[in-house]
Enquirer: 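My structure is below; once you've seen it, I'll send some questions.
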Amino acid sequence: MTSIAIIGAGPQLGLAIARTFGAQGLNVALISRNRDKLDDLVGRLTAEGITAAAFPADVLDRDALTQALKNAATRFGGIDVLEYSPLDDLDSTALTTPADTDPSHVQHELEFQLYGAITATRAVLPAMREVRAGTLLFTTGARSVTPQPPTADVNTAAAALRNWTINLHKELAEAGIQAAHVGIDATIGTPTFYGQARVTADRIAPAYWDLHTTHRDEAERILRG
């Protein structure tokens, strides 16, 4: 298997990760909701000599997400690396404090962050188990580790994904499969958010390659600006 599937691929972190892995010879499967944006990313990567293809799917549609990953595996002969970092639209995200959080707020975030990650993992893990190799990388903001009141609903779901990922790392360690959580304590490509440092995606992306190749014993890495 010689490909990476990037779920939530966009013009910032997703593109930077695609370039990092593509430069090392991996084929790149890009998955997100917007076909036009994916096609633009594929065109940019192709121009740089990287083999890439688009597989549109919404992480909230579990069947569509599973099928997109199956299609990517068929296209590239398998998926060696899964990177999960979808970003919800701020317009559809109800940021709530702990006291103002309704169960429905957390449920939406769980569907988007945790359940989507579980769905994606279930789609690629059986093949990884067969060859006793593979990498599963799950990205959240660093507030999954150090929560703050204004974004309690998002932080709660991110913390659940972090917990599940670290537990998955423990389970799969003896199977030759790396699972790791990446917490980004910085703002990428936009004005600073709640006082976080600002950083470029190109500066962060090499950490993903490092977790895939050199530091496979790490269950978590926190990246700061």
Side-chain angles (χ1 to χ4, degrees), residues 1-9 13-14 17 20-21 26 29 31-32 57-70 72-73 78-88 106-147 153-185 204-223:
M1 294 185 287
T2 57
S3 70
I4 179 172
I6 301 172
I7 300 176
L13 183 60
I17 293 173
T20 298
F21 281 77
L26 273 73
I31 300 173
S32 72
D58 189 331
V59 298
L60 295 176
D61 186 336
R62 298 177 199 171
D63 290 339
L65 179 57
T66 298
Q67 188 60 52
L69 287 164
K70 288 182 178 179
I79 294 173
D80 183 55
V81 183
L82 173 74
E83 194 279 321
Y84 187 87
S85 56
L87 183 63
D88 206 358
V106 178
Q107 181 62 35
H108 172 76
E109 292 301 325
L110 286 172
E111 292 278 356
F112 192 80
Q113 297 194 58
L114 178 61
Y115 301 162
I118 291 174
T119 298
T121 300
R122 289 175 61 84
V124 302
L125 185 56
M128 291 182 178
R129 284 188 183 276
E130 285 185 10
V131 298
R132 296 185 62 82
T135 300
L136 305 163
L137 302 172
F138 305 93
T139 304
T140 72
R143 299 305 178 222
S144 60
V145 182
T146 56
D153 54 336
V154 175
N155 297 166
T156 299
L161 175 55
R162 172 183 181 254
N163 181 289
W164 177 80
T165 301
I166 292 173
N167 214 9
L168 183 66
H169 175 90
K170 295 176 181 178
E171 179 185 3
L172 298 178
E174 299 302 319
I177 301 168
Q178 158 71 321
H181 167 250
V182 179
I184 300 178
D185 191 8
I204 286 178
Y208 290 79
W209 180 255
D210 186 57
L211 286 168
H212 169 55
T213 57
T214 306
H215 290 93
R216 296 181 62 81
D217 59 328
E218 289 187 25
E220 178 173 64
R221 186 172 296 188
I222 306 300
L223 304 176

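Hydrogens, waters and symmetry mates are skipped; everything else that's a heavy atom, side chains included, is used.
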Enquirer: With side chains defined as the heavy atoms from C-beta onward, is the minimum distance between E109 and T156 less than 4.5 Å?
Expert: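 Heavy-atom side-chain distance check fails, nothing below 4.5 Å.
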Enquirer: Taking all non-hydrogen atoms of both residues into account, name the closest pair between L211 and R216 and its distance.
Expert: O-CG, 3.6 Å
Enquirer: How long is the span from the NE2 atom in H215 to the CD atom in Q178, to the nearest 0.5 Å?
Expert: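 Separation between the atoms: 11.0 Å.
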Enquirer: Rounded to the nearest 0.5 Å, what's the gap from CD1 on I204 to OG1 on T20? Could you check?
Expert: 11.0 Å
Enquirer: Looking only at heavy atoms, what is the nearest atom pair of I79 and L69, with distance?
Expert: CD1-O, 3.6 Å
Enquirer: If you round to the nearest 0.5 Å, how far is OG1 of T119 from CG of L114?
Expert: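 With rounding to 0.5 Å, CG (L114) is 9.0 Å from OG1 (T119).
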Enquirer: Within the 4.5 Å heavy-atom criterion, are L168 and I177 side-chain neighbours or not?
Expert: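 Result no, sub-4.5 Å side-chain heavy-atom pair not found.
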Enquirer: With a 4.5 Å cut-off on side-chain heavy atoms, are I184 and L13 touching?
Expert: yes
Enquirer: Would you say H181's side chain and I222's backbone share a donor-acceptor pair under 3.5 angstrom?
Expert: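 Judged by distance alone, no pair lies under 3.5 Å.
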Enquirer: Tell me, with the steps shown, if D80 and T2 meet side chain to side chain contact (heavy atoms under 4.5 Å, CB included).
Expert: CA-CA 6 Å; D80 183 55; T2 57; 6.0 Å; no
Enquirer: Grab the two heavy atoms, one from L82 and one from V124, that are nearest each other, plus how far apart they are.
Expert: CD2-CG2, 4.1 Å
Enquirer: Provide the closest heavy-atom pair for A57 versus A68 in the form atom of the first, atom of the second, distance.
Expert: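 Scanning both residues, the minimum pair turns out to be CB-CB, 3.8 Å.
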Enquirer: With sequence neighbours left out, what residues match R122 under salt bridge (Lys or Arg N to Asp or Glu O under 4.0 Å)?
Expert: none
Enquirer: Without swapping roles, check the side chain of S3 against the backbone of G78 for a donor-acceptor pair under 3.5 Å.
Expert: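 Present.
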Enquirer: Out of H108, Q113, Q107, which one pairs with E111 under the side-chain hydrogen bond (donor to acceptor under 3.5 Å, both in side chains) rule?
Expert: Q107
Enquirer: Without swapping roles, check the side chain of R143 against the backbone of A159 for a donor-acceptor pair under 3.5 Å.
Expert: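 Judged by distance alone, no pair lies under 3.5 Å.
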Enquirer: L26 and W209: side chain to side chain contact (heavy atoms under 4.5 Å, CB included), yes or no, with the steps?
Expert: CA-CA 11 Å; L26 273 73; W209 180 255; 4.0 Å; yes
Enquirer: First locate atom OG1 of T139, then atom OH of Y208, and finally report the distance between them rounded to the nearest 0.5 Å.
Expert: 3.0 Å
Enquirer: State the CZ-NE2 distance between F21 and H212, to the nearest 0.5 angstrom.
Expert: 5.5 Å
Enquirer: Could you label the plane-to-plane angle of the W164 and F138 rings as parallel, tilted or perpendicular, counting under 30° as parallel and over 60° as perpendicular?
Expert: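 Because their plane-to-plane angle is over 60°, the rings of W164 and F138 count as perpendicular.
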Enquirer: Search all heavy atoms of S144 against all heavy atoms of G141 and return the closest pair with its distance.
Expert: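 Here S144 and G141 meet closest at OG-O, 3.0 Å.
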Enquirer: To the nearest 0.5 angstrom, please state how far the OG1 atom of T135 sits from the CG atom of L172.
Expert: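 Those atoms lie 11.0 Å apart.
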Enquirer: Search all heavy atoms of L65 against all heavy atoms of G116 and return the closest pair with its distance.
Expert: CD2-O, 3.6 Å
Enquirer: If you measure only the distance, is there a donor-acceptor pair under 3.5 Å linking the side chains of Y84 and T121?
Expert: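 No, no side-chain donor-acceptor contact under 3.5 Å.
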